[in-house]
Protein chains: 2
Amino acid sequence: MMKDKTICPRFESALDILNKRWTGLIIFQLLEGAQRFSSIESSIGISGRVLSERLKDLEKYGIVERKVYNETPVRIEYGLTEKGRALEPVLNSIQHWAEGWIDNETLI
Amino acid sequence: MMKDKTICPRFESALDILNKRWTGLIIFQLLEGAQRFSSIESSIGISGRVLSERLKDLEKYGIVERKVYNETPVRIEYGLTEKGRALEPVLNSIQHWAEGWIDNETLI
DNA sequence: AATATTAACTTACTTTATGTAACTAAGTAT
DNA sequence: ATACTTAGTTACATAAAGTAAGTTAATATT
């Protein structure tokens, strides 16, 4: 199936990134501040394999930045860039919608 | 890997729905008005198999409604419910972010 | 009457994405 | 030399998505 046309290329690129599994939750977590790999892993329940993949993608897109601290053992922190923090209103609008429209049945 | 705790159950339910592939684009399309199956299929380039699955899910969540018109051949239209239209600000915030932050390299 | 047409799916099968659990690398500390 | 810790990676299993052909129901055509 070939698609008709592109409505808005930037919008579709954005959805390609944001609409991937786990991306929303990773960004939501990092809005609270930079975190380590294992901390993100355990806070949202993603597998290490996919987290590693997603963080690389998000870094490539300039949404996340990786910082290495030469301590022992090494500490690596993932934080949002300005571009990443600019997603806060998106996450907020989702949260706002969820509060208004997700009822108890949907929750279960 | 088990996750630590749930930050906000409603928010996570919302992400479960919205973070699935194609959901964003389907809702974006339907914001322009109710559309037929084949029209959605060709406008966003999704496969019929998955579109069928997504529309059922979205109907189940109360985001989309399916209307049957007994014409020949039968006409079936999918449109947004009030809950679905309430997602417009979410899509708008994504579009706004995309316009400000998706550059030409990311597009390619 | 038999065949064709159209939209809206569904089915069987292939390819891609994600999950799981064990393993590796680098830098100490014992 | 061996063990410990974090941050991954690898090999393999399962789940989700893509592809293309087939089904159904109501006409229209020959």
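Chain identifiers are assigned alphabetically (A, B, ...) following the order of the sequence lines, protein sequences preceding nucleic acid strands; residue numbering begins at 1 within each chain.
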**Item:** Sub-4.5 Å side-chain heavy-atom contact between Leu30(B) and Ile40(B)
**Value:** yes
**Request:** Sequence neighbours left out, what pairs pass salt bridge (Lys or Arg N to Asp or Glu O under 4.0 Å) with at least one residue falling in residues 57-73 of chain B?
**Result:** Glu71(B)-Arg75(B)
**Item:** Inter- and intrachain pairs under side-chain hydrogen bond (donor to acceptor under 3.5 Å, both in side chains), touching residues 84-99 of chain B, at least two apart
**Value:** Ser93(A)-Ser93(B)
**Fill in**
When rounded to whole Å, the CD to C1' distance for the pair Glu41(A) and dT20(C) reads 12 Å
**Asked** Rounded to whole angstroms, how far apart are CD1 on Ile40(B) and C1' on dA8(C)?
**Response** 12 Å
**Prompt:** According to a strict under-4.0 Å criterion, is Arg21(B) in side-chain N/O contact with OP1 or OP2 of dA16(D)?
**Reply:** no
**Asked** Who are the side-chain hydrogen bond (donor to acceptor under 3.5 Å, both in side chains) partners of Arg49(B), not counting sequence neighbours?
**Response** Glu53(B)
**Asked** Any side-chain heavy atom of Thr81(B) sitting closer than 4.5 Å to one from Val64(B)?
**Response** no
**Message:** Taking only side-chain N and O atoms of Lys56(B), does any of them lie within less than 4.0 angstrom of OP1 or OP2 on dT10(C)?
**Reply:** yes
**Message:** Walk me through whether Ile76(B) and Phe37(B) qualify under side-chain contact (heavy atoms from CB on, under 4.5 Å).
**Reply:** CA-CA 7 Å; Ile76(B) 292 169; Phe37(B) 190 93; over 6 Å; no
**Request:** Specify the separation, in whole Å, of atom NZ of Lys20(B) and atom P of dA16(D).
**Result:** 7 Å
**Asked** Do Cys8(B) and Glu12(B) come within less than 4.5 Å of each other through their side chains, counting heavy atoms only?
**Response** no
**Request:** With the side chain of Arg66(B) defined as its heavy atoms from C-beta on, choose the nearest nucleotide among dG18(D), dT18(C), dC9(C).
**Result:** dC9(C)
Table please: side-chain donor-acceptor pairs of residues 18-26 of chain A below 3.5 Å, with sequence neighbours left out.
unit_1   : atom_1 : unit_2   : atom_2 : d
Thr23(A) : OG1    : Ile17(A) : O      : 3.3
Thr23(A) : OG1    : Lys20(A) : O      : 3.2

**Fill in**
Computed from five pairs at either end and rounded to 10 degrees, the angle between the axes of the helix from dA1(C)-dT30(D) to dT30(C)-dA1(D) is 30°
**Asked** Heavy-atom contacts under 4.0 Å between residues 67-78 of chain A and DNA chain D, which residues?
**Response** Pro73(A), Val74(A), Ile76(A), Tyr78(A)
**Request:** Using whole Å, report how far CD1 of Ile46(A) lies from P of dA7(D).
**Result:** 15 Å
**Asked** What is the distance, rounded to the nearest whole Å, between atom CG of Asp57(B) and atom C1' of dA17(D)?
**Response** 13 Å
**Asked** Whole-Å distance between dT6(D) P and Gln35(A) CD?
**Response** 15 Å
**Item:** Candidate nucleotides dA7(C), dC9(C), dG19(C), ranked by approach to the side chain of Val50(A) - the nearest
**Value:** dG19(C)
**Asked** Leu55(A) has an atom CG; how far is it from atom C1' of dT9(D), in whole Å?
**Response** 14 Å
**Fill in**
Residues passing the side-chain hydrogen bond (donor to acceptor under 3.5 Å, both in side chains) test with Arg10(B), sequence neighbours excluded, are Asn104(A)
**Asked** Listed by chain and number, what are the side-chain hydrogen bond (donor to acceptor under 3.5 Å, both in side chains) partners of Ser39(B), not counting sequence neighbours?
**Response** Gln35(B)
Could you list all N or O pairs between the protein and nucleotides 11-15 of chain C that sit under 3.5 Å apart?
none

**Asked** Is Ser52(B) near enough to dT10(C) that one of its side-chain N or O atoms lies under 4.0 angstrom from OP1 or OP2?
**Response** yes
**Complete:** Glu53(B) CD to dG18(D) P, in whole Å, measures 10 Å
**Message:** Side-chain N or O of Ser38(A) versus OP1/OP2 of dT6(D): is the shortest distance under 4.0 Å?
**Reply:** no
